[in-house]
Amino acid sequence: MNGFATFEDTDLAALRAICGAERVTARDDIGEDFLHDELGDVRGRPDARVRVLSTAEISAVLRHASARRLPVTVRGSGTGLVGGAVPVFGGILLDTSGMTRILELDEKNMTLTVEPGVLLMDVAKYVEERDFFYPPDPGEKTATIGGNISTNAGGMRAVKYGVTRDYVRALEVVLPSGEVLELGGKVAKNSSGYSLKDLIVGSEGTLAVVSKATLRLLPLPKFKISLLVPFKDLASAIETVPSVIRASSIPTAVEFMERDVILAAEKYQGRKFPDRSADAYLLLTFDGASQGEIDLATEAAAETCLAAGASDVFLSDTQERNEAIWSARGAFLEAIKASTTEMDECDVVVPRSRVAEFILFARSIQKKHGIRILSFGHAGDGNLHIYVLRDALGDEAWRAALSGAFDDLYGRARELGGQVSGEHGIGFAKKSYLGRSLPPEQIALMRAVKAAFDPLGILNPGKVVSGGPCRPSERNP
Amino acid sequence: MKILVCIKQVPGTAQVEIDEKTGTLKRDGVAAKTNPFDLYAIETALRIRDAAPGGGTVTAVSMGPPQSEKALREAFAMGADDAVLLSDRAFGGADVLMTSYTLAQGIAVLGAFDLVVCGKQTTDGDTAQVGPELAEWLGLPHVANVKSVDKVEAGALEVTADLPYGEVRQRVPTPCLLAVEKDVCEPRLPSYRLRKATAGREIRRIGLSGLRDADPKHYGLSASPTQVKRIFPPPSGSGRTMLEGTAAEQAAALADILEEGKFLR
């Protein structure tokens with residue numbers, strides 16, 4: 001199938017010769033955790049899991065895989081949500097989670113150079129202790145930087161600061177052939193040919209393996225405030241967002257949350273949310289270098305919200321208060337999970353001006369498909385997390401309802417000028433929707449890019465735009 | 001129902017410098033916030049006010065330097081009706097006993113009230129003694145470690161206290177004092193609307209001359225019976241000795257250990 005070679009004992013021996021026996025685990029000895037990511041239902045058993053510790057080892061493993069035509073899937077912490085790190089064709093699982101060294105903080109150029117296995121939370125802690133700031137802030141702090149780069153992770157602060165791609169200055173990558181490339185550099189500008197570095201960011205491990213990353217840092221903003229703004233309903237909350245963003249300084253985050261989700265979080269956490277007066281809330285955060293800056297931003301945003309019909313604006317300016325709000329926000333996903341039997345998520349992104357319309361649409365299709373749909377997310381950047389919940393549905397009914405709901409959601413997103421994924425990526429699970437959302441010419445161009453980097457098709461096969469299985473029934477057990 | 005709530009401004013971060021000479025906190029240049037426990041006290045006071053038959057008022061009372069006004073303004077933004085700042089150079093450096101005495105003197109000139117609510121403790125001093133001591137100075141019944149307010153009636157409250165050996169639900173006649181735990185409720189956030197509406201509201205200032213006992217020697221650092229010699233992080237260890245036998249045998253064994261360790265003279 002697909003021209004891949006069968007993994008032999010000799011391959012195992014070759015990998016052990018590269019990395020040492022203790023860092024290579026063979027098929028049946030590989031723990032259950034490594035057969036899936038956080039999405040759970042896309043599964044695949046690798047023939048070998050190889051815990052690499054250096055660029056040289058990555059290169060040697062890839063050279064071997066190329067020579068033998070063995071599929072290679074890169075994995076960090078396995079916190080992805082689209083099956084991107086699942087070896088659906090088996091082969092080698094290249095585990096970079098052991099490459100956890102922080103290599104250099106360059107204070108003059110304001111960059112941090114790290115190995116791909118460093119966790120996002122460790123990057124944040126390291127730089128903040130030294131008064132620097134790495135802005136990308138996806139909810140999953142135990143993700144690796146390599147994983148964040150692979151999916152071009154976004155997160156809460158994208159409204160003001162942008163996404164991972166905006167903070168990658170340089171990459172060292174290993175091509176499937178084993179060749180090592182240095183892309184980009186510690187430069188603030190770069191008009192030197194096609195930006196291969198930017199192409200690698202977001203390529204979900206299908207073009208090359210990231211072995212080192214140089215990240216761009218900012219000075220740490222010392223002051224911040226969150227505003228919790230109650231509205232009578234979700235539509236009026238979300239329709240206020242564009243004017244809030246224009247009001248004065250750009251908020252770092254604009255999140256929306258609804259009563260149902262807040263109640264689920266209260267139940268899950270056993271802790272009350274600080275306000276329950278409204279059906280819908282916006283949560284705005286501002287940061288800045290001085291208290292004055294924060295005060296100005298607060299006043300402009302608060303007045304804008306009140307003029308737009310908010311019943312009040314609540315101020316959260318201490319650690320305890322922020323914890324009360326943000327711990328609930330952080331628990332939404334787990335709380336929703338705990339409230340149902342199974343769920344799937346759609347991570348679409350639509351233009352900021354169409355968010356309200358899209359959310360109301362998502363809510364309106366619940367009845368049609370006989371299914372519960374909850375949502376929360378980044379109202380400021382238009383990236384929505386829509387959760388379709390299984391509850392008590394039987395297997396067949398669930399599959400039909402889910403696929404019907406997803407077809408509707410992705411279809412509507414397309415009509416509104418949106419895209420399939422805002423930050424989770426396409427991976428395995430969203431492939432068919434990408435295929436339907438982009439014109440064939442674009443998919444063909446993407447496949448040509450893939451073939452240029454990976455002519456043998458060994459890197460993360462079956463993902464994003466590459467061929468292979470697609471529908472759940474064809475998934476590798 | 002007239003409710004007083006005692007609040008204190010504390011350093012905004014955990015990293016605070018100590019004045020080696022006086023053993024007191026260096027407040028200059030440190031961002032301040034309302035003592036987190038006091039937010040629960042404010043919330044409790046507001047809820048009792050709103051539940052009280054015939055309504056009531058909440059007056060926030062703080063003893064501290066002039067900048068403590070910020071904590072009182074925040075109490076306004078949470079819904080307090082009135083605020084009093086006890087501020088005088090003579091009050092500076094007060095220990096637990098002198099703090100509670102000063103608060104008691106201040107409260108004595110505010111007229112009749114039904115209830116005083118305090119947070120269990122502050123995050124800077126951490127003694128959890130001001131509330132109960134204040135009640136003693138004022139001659140009030142008090143309940144500390146209050147984890148829930150169960151019933152609000154004219155003339156009495158029913159509350160549950162969280163004690164080391166269990167929970168005690170009790171009925172307290174008013175006037176009384178409650179020192180509340182963090183579990184008692186989730187404090188509301190300050191409201192921008194209320195902050196704006198109360199920006200011009202007066203905060204009553206009371207100095208030494210406004211108190212019944214106006215003798216400066218009775219206040220502050222010099223009148224404090226306890227003096228802080230040194231503040232340092234406690235050495236952490238996990239050693240443990242279990243004593244066995246009857247209560248008398250255990251007590252005797254404990255006395256021996258204390259003597260051996262030169263804890264007793």
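So you know, we letter chains A, B, ... as the sequences are listed, proteins then strands, and number each from 1.
In this structure, A:Lys272 does not pair ionically with B:Glu43, as no charged nitrogen and carboxylate oxygen lie closer than 4.0 Å.
We find the OG1-CD distance between B:Thr34 and A:Glu320 to be 9.5 Å, quoted to the nearest 0.5 Å. Note: A:Thr318 OG1 to B:Leu39 CG = 6.5 Å, rounded to the nearest 0.5 Å. B:Glu186 CD to A:Arg321 CZ: the interatomic distance, rounded to the nearest 0.5 Å, is 10.5 Å. Annotation: the span from B:Met78 atom CE to A:Leu315 atom CG amounts to 11.0 Å, rounded to 0.5 Å.
Counting heavy atoms of neighbouring residues, nucleotides and ligands inside a 6.0 Å radius, atom CZ of B:Arg89 does not exceed 12 of them. Residue A:Glu129 places its CD atom among more than 12 non-hydrogen atoms of other residues, nucleotides or ligands, all under 6.0 Å distant. The environment of B:Lys147 atom NZ is sparse: at most 12 non-hydrogen atoms of other residues, nucleotides or ligands sit within 6.0 angstrom. Other residues, nucleotides and ligands contribute at most 12 non-hydrogen atoms within 6.0 Å of the NZ atom of A:Lys224.
Of the listed residues (A:Gln319, A:Gln291, A:Arg271), the one with the most heavy-atom contacts under 4.5 Å to chain B is A:Arg271.
For A:Leu227, no part sits under 4.5 Å from any heavy atom of chain B, backbone or side chain. Interface residue A:Glu299: backbone and side-chain heavy atoms are both found under 4.5 Å from chain B. For chain A, the nearby part of B:Pro187 is the backbone; its heavy atoms alone come within less than 4.5 Å. For A:Ala301, no part sits under 4.5 Å from any heavy atom of chain B, backbone or side chain.
What you find for B:Arg193 and A:Asp312 is that their closest heavy atoms are N-OD1, 3.2 Å.
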field: Chi angles and distances behind the side-chain contact (heavy atoms from CB on, under 4.5 Å) call for A:Asp317, B:Glu74
entry: CA-CA 11 Å; A:Asp317 53 357; B:Glu74 196 178 272; 4.2 Å; yes

